[in-house]
2 protein chains.
Amino acid sequence: MDAVEYFVQQWREERPDIDVEPMATIGRLSRMAALVQVRLDAVFAQHDLQSWEFDVLASLRRSGQPYSLTAGELDRTMMITSGTTTHRITRLEARGFVERVRDEDDRRVVHVLLTDAGRAVCDAVHQAHIDNERAILELMGADDRELLTRGLTALAEALGDVPPAPPKR
Amino acid sequence: MDAVEYFVQQWREERPDIDVEPMATIGRLSRMAALVQVRLDAVFAQHDLQSWEFDVLASLRRSGQPYSLTAGELDRTMMITSGTTTHRITRLEARGFVERVRDEDDRRVVHVLLTDAGRAVCDAVHQAHIDNERAILELMGADDRELLTRGLTALAEALGDVPPAPPKR
DNA sequence: CTTGTATATCTTGATATCAAGATACAGGAG
DNA sequence: CTCCTGTATCTTGATATCAAGATATACAAG
């Protein structure tokens, strides 16, 4: 019996009038995300990196050359507010992993550019991070992994989680 | 194509040497938890409640009479640190939703007791919250809901997410 | 050109959270 | 009784985050 199953049992005794079935699924979604995050953080920490730092570096890295996105594009990719993006860029700039470059044509826009150091760090951590993710998933059987992936993909579609930028231009 | 699928495509072009398959599943887990949380927060906000406030009240409520848990039990149930628990209790005490009661036998222990007002608020919000969760899940087909639930349950088992207190004593 | 509206980023202030350590108490060994 | 170790809660300081608003710029309408 997992933790959420226990909570469901408690509710069934205390509130038999309410069907808490939906809570079982969504409760697990939230708890599993938190538990997995702890494991991801551990590997990033071994490389002196915060999870959010990798998130920024990886966003820039996977965008391809010239490894540059605007602050607004980072907002949308990482699902954070503009204030948080400003803070993240400032921190990473201080570590020498990114640079700010004002757009010449539209002076409102800031291009965030991955430095060579930033790219090096990102690439150095990447394989270990993916291996960690794989190890987590391999705690489950292959069939269950498939169920989970299909279920989450369906939820992503249902919630309309579309790419922030057009898929290829 | 959902957002994560797009990210996977980007990686396949930039890092064809790395198999980013695990990132697809875990990336979705994290994004879906965040997207769902926004929707849950919206309903709580309609009742002038934070998500974490409901989390505390509901933990006490479902524990059954006398609706009391120790601070440590709350730590473990909600997967937060003791400092955060102290903060949450203090806030909810200020709103009159819980009370602190020192244990007579073991003076280190603090019992956190749900007040009548706290129980009333919890019960008032509960049905709306569950309805909201159900509405979210019903954006997917019944088959996909089943896949998701089974997949998440398997992950919970794999990660050893056991109940914080013994299931029935 | 000027004016108004929309957009991109940054600033400010508040807050939830954590890590680490402090404090207080319990319970056993001698 | 005294000491020691373990445990429960709280405190402190740092930090990431958000909401709301400020600032600067773009661009269209007249």
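Just so it is clear: chains get the letters A, B, ... in the order the sequence lines come, proteins before strands, and each one is counted from 1. Because only heavy atoms are used, hydrogens play no part in the values below, and waters and symmetry mates are left out as well, while side chains stay in.
Side-chain contact of A:S82 with A:D75: a donor-acceptor pair under 3.5 Å is absent, judged by distance alone.
Side-chain contact between B:D161 and A:Y6: absent, with no pair of heavy atoms (C-beta onward) separated by less than 4.5 Å. Contact annotation: the side chain of B:V162 never approaches that of A:M1 to less than 4.5 Å [non-hydrogen atoms, C-beta and beyond].
Here the P atom of nucleotide D:dG6 and the CG atom of B:D106 are 17 Å apart, to the nearest Å. Taking atom CZ on A:R88 and atom P on C:dT9, their separation rounds to 15 Å, with Å as the unit. One atom, CD of A:Q50, and another, C1' of D:dA14, lie 12 Å apart when rounded to the nearest Å. At whole-Å resolution of the value, CD in A:E73 and P in C:dA8 are 10 Å apart. Atom-to-atom, CH2 of A:W52 to P of C:dA16 comes out at 22 Å; the value is rounded to the nearest Å. Atom CD of A:E53 and atom P of D:dT17 are 10 Å apart (whole Å). Taking atom CG on A:L69 and atom P on C:dT9, their separation rounds to 11 Å, with Å as the unit. A straight line from CZ of A:R107 to P of D:dA24 spans 13 Å, rounded to a whole angstrom.
Taking the six-membered ring where the residue is Trp, B:F54 and B:H126 present perpendicular rings, their angle passing 60° and hence far from 30°.
Within the nucleic acid shown, A:R100 comes within 4.0 Å of sugar-phosphate atoms alone, with no base atom in reach, counting heavy atoms only. Among the protein residues, B:T70 comes within range of the sugar-phosphate backbone only, with heavy atoms under 4.0 Å from sugar or phosphate atoms but none that close to a base. At the heavy-atom level, B:G83 lies under 4.0 Å from base atoms of the strands shown.
Comparing D:dA16, D:dT9, C:dT9 against the side chain of B:V109 picks out D:dT9 as the nearest.
Donor-acceptor pairing under 3.5 Å, judged by distance alone, is absent between the side chain of B:R108 and the base of D:dT9. Evaluation of atom-type donor-acceptor distances gives no pair under 3.5 Å for the side chain of B:T84 against the base of C:dC18.
For the helix from C:dC1-D:dG30 to C:dG30-D:dC1, the angle separating the two terminal helix axes comes to 0°, with each axis derived from five pairs and the value rounded to 10°.
Of the residues near DNA chain D, A:D105 and B:T86, the one whose nearest nucleotide (by heavy atom distance) lies more toward the 5' end is B:T86.
Cluster annotation: B:V43 is not connected to B:L57 through the hydrophobic network of ILVMFWY side chains, with a link wherever side-chain heavy atoms come within less than 4.5 Å.
In this structure, A:T70 contributes its side chain and A:H111 its backbone to no donor-acceptor pair below 3.5 Å.
Between B:R102 and D:dA8, a side-chain N or O to OP1/OP2 separation shorter than 4.0 Å is absent.
Residue A:R62 comes nearest to A:T77 through the heavy atom pair NH2-CG2, 3.1 Å, listed as atom of the first residue, atom of the second, then distance.
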